[in-house]
Every structure is written in C-alpha cells, then in structure tokens.
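Just so it is clear, the model here is predicted, and its values are computed rather than measured.
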Amino acid sequence: RVITDEYSEDNDGDSIYDSVSISDYTYNESSAVTSIVFQEDQGVNGSIDVIQTHAYTYNEQGLLTEHVRSDDDNADGTEEGSTVEIYTYDNAGNKLTESQGNYESDVLGFNNFQTWEYNDNGEITEYIMVSDYTGDGQTNHKYMITYVYDEAGNSVSQLALTYQDGSTLSKQIHYTNEYDNQNNKTLQKKEEDEDLNGSYDTAEIYVYTYTESGNFSSLVVTDDENNDGTAETTSEYLFIYTQNVNGHKTLLAEYELYYD
C-alpha cells in the first residue's frame, strides 16, 4: 500500500509557491511504514532538486530493527550522505542496543552506540551511550547511568557518569528520590561532584506536593550551592486545577515565587 502526500510552500506570502514536495509512503501488511521517498522541486519548474529516501525493516515482533536514510542532495543519483540505525531487542521486546552511523560519500563520520540492561521486572538498570565524533574508532564521549528501584518499582537512585574520552571521568551526578504511599514522587535530590574527589559539592532539592485527589499542586526547588544544608535560593511553583462534572481536570493557574 502506497500513500502519496503533496505539499506546496509559499515562503514570502505572495501567493506564489516557492517549492513543491511529494512524499510516497509504503506500508506492509501490518500497516508499518517500510519506505518513504521524499522529492522536492525547489524552483517549482517541474524538475526534482532533492531526493531523500528512508527504508525500514522489522522483526517478527513488529519491532524496528533497521532504518536507513539516504540523501541525494542534487537528485542526480549520487548519494551525498546516509544514516544507518540498527536496533536489537530481548525476547520481551526490550531494546538492548541501538547503533547510529552517519556517512558522507560512504565514509563513516559521527557514530554512536547505546546499550540497555534490565532486571527481572523489565526495569532499566543500566544505560550506556558511547560516541565517536569522527569515525576513527576512538571514543570521544561516554555517558553511563545506573538505576536502583524499590519494591514498588520506583526509581530511588540514579548515578550518572560522563567520560570525555571514554575513560576520563568528567562529570558525576547522583539522584535520590522519595515517594508517598500512592507512588507519587515527593522529593528528588540532585548532587554533583564538581571536582571529582568523591564528595558531592552542590545540591538541588525538589519537593513535590499533591492534592487529596492526586493532582500535582506544588514544586519547591532549593539550590544548596555548597551542599551544607543551607539554601542559597528557593523557587516555588503553585498549580491550581479545575474539574468538571465528568472528572476531567484542567490546569487553571500556575504561579512562580522566587526567594533569595
């Protein structure tokens, strides 16, 4: 099944089209898109100036396993650039890996690789992203975060680490979270080890409150620049809701207060 969309654009409001684009979408029997072909006539002269194509592949579960984008910037049949994304999953459908490679004239440039790990409950316990900025096989950036959960499945702790060259730690941030009996987050403390000496130098504390019906009602943000229990600045956000007879809730007003 193929669906074609045509779009005309008038950039300067003179009622004369400046460009015309046509997109052809192809779908499989499961109604998942398998390809997109985008063509643009930038001069509205009947000739195509730019062609971009997308190809999508799926596994037996219907999960996307590959996406390839190709750019023909001059519509002359020559591929100037492309992006290839590849995905893998476990038997439960959780994403395990994602890779992305950008190519210019078939030469690999920026690329990154992401991985996920899960516990028996299907909750993410570790996420890692590694980036190579130039395609030379060297790691230029690495980001890693680990998660800890309580028995209710709430994330109570996260540790985020950033490495500037894949091995040299450049940033360390720790998050701790608390929840009420309804599993609403009531507190988050964000601490950063700025000089990377093993102790946290700064802290931001977020306190959340809720109405009896469970609506988010306020947020208080405290900046503790020395992580010594003394607040240098505090911001408070208040939320007021209205509810109709059908129980639909609408945010009526929002207030922000700042204390120095």
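Side chain to side chain, Thr88 and Thr97 meet the donor-acceptor criterion of an N or O pair below 3.5 Å. Neither side chain, Thr146 nor Glu126, offers a donor N or O lying under 3.5 Å from an acceptor on the other. Residues Gln138 and Asp132 have side chains that never bring a donor and an acceptor to within less than 3.5 angstrom of each other. One side chain, Gln114 or Tyr127, offers a donor N or O that lies under 3.5 Å from an acceptor on the other. There is a side-chain donor-acceptor pair under 3.5 Å between His54 and Gln52. Between the side chains of Asn215 and Ser217, no donor N or O sits under 3.5 Å from an acceptor N or O. Using modelled atom types and a 3.5 Å distance limit, the side chains of Asn154 and Asn183 yield a donor-acceptor pair.
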Criterion side chain to side chain contact (heavy atoms under 4.5 Å, CB included) on Thr234 and Val220, from CA distance to verdict: CA-CA 7 Å; Thr234 300; Val220 177; 3.6 Å; yes
Worked check of side chain to side chain contact (heavy atoms under 4.5 Å, CB included) between Tyr163 and Thr168: CA-CA 5 Å; Tyr163 300 86; Thr168 303; 5.8 Å; no
Side chain to side chain contact (heavy atoms under 4.5 Å, CB included) evaluation trace for Gln100 with Asn102: CA-CA 7 Å; Gln100 175 185 334; Asn102 295 338; 3.4 Å; yes
Residues Glu225, Thr202; criterion side-chain hydrogen bond (donor to acceptor under 3.5 Å, both in side chains); working and verdict: CA-CA 5 Å; Glu225 296 177 358; Thr202 65; over 6 Å; no
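Applying the side chain to side chain contact (heavy atoms under 4.5 Å, CB included) rule to Thr4 yields the partners Val2, Ile22, Asp24; only residues at least two apart in sequence or on another chain are considered.
Under the 3.5 Å distance criterion, the side-chain polar atoms of Ser99 are left unmatched by any main-chain donor or acceptor of Phe113. A donor-acceptor pair under 3.5 Å is absent between the side-chain atoms of Asp5 and the main chain of Ser23, judged by distance alone.
Between Tyr149 and Ile124 there is a side-chain heavy-atom pair separated by less than 4.5 Å.
In the hydrophobic clustering, where aliphatic and aromatic side chains (Ile, Leu, Val, Met, Phe, Trp, Tyr) are joined below 4.5 Å either directly or transitively, Met144 groups with Ile128, Val130.
Judged by the 6.0 Å and 45° rule, Lys190 forms no cation-pi pair with Tyr175.
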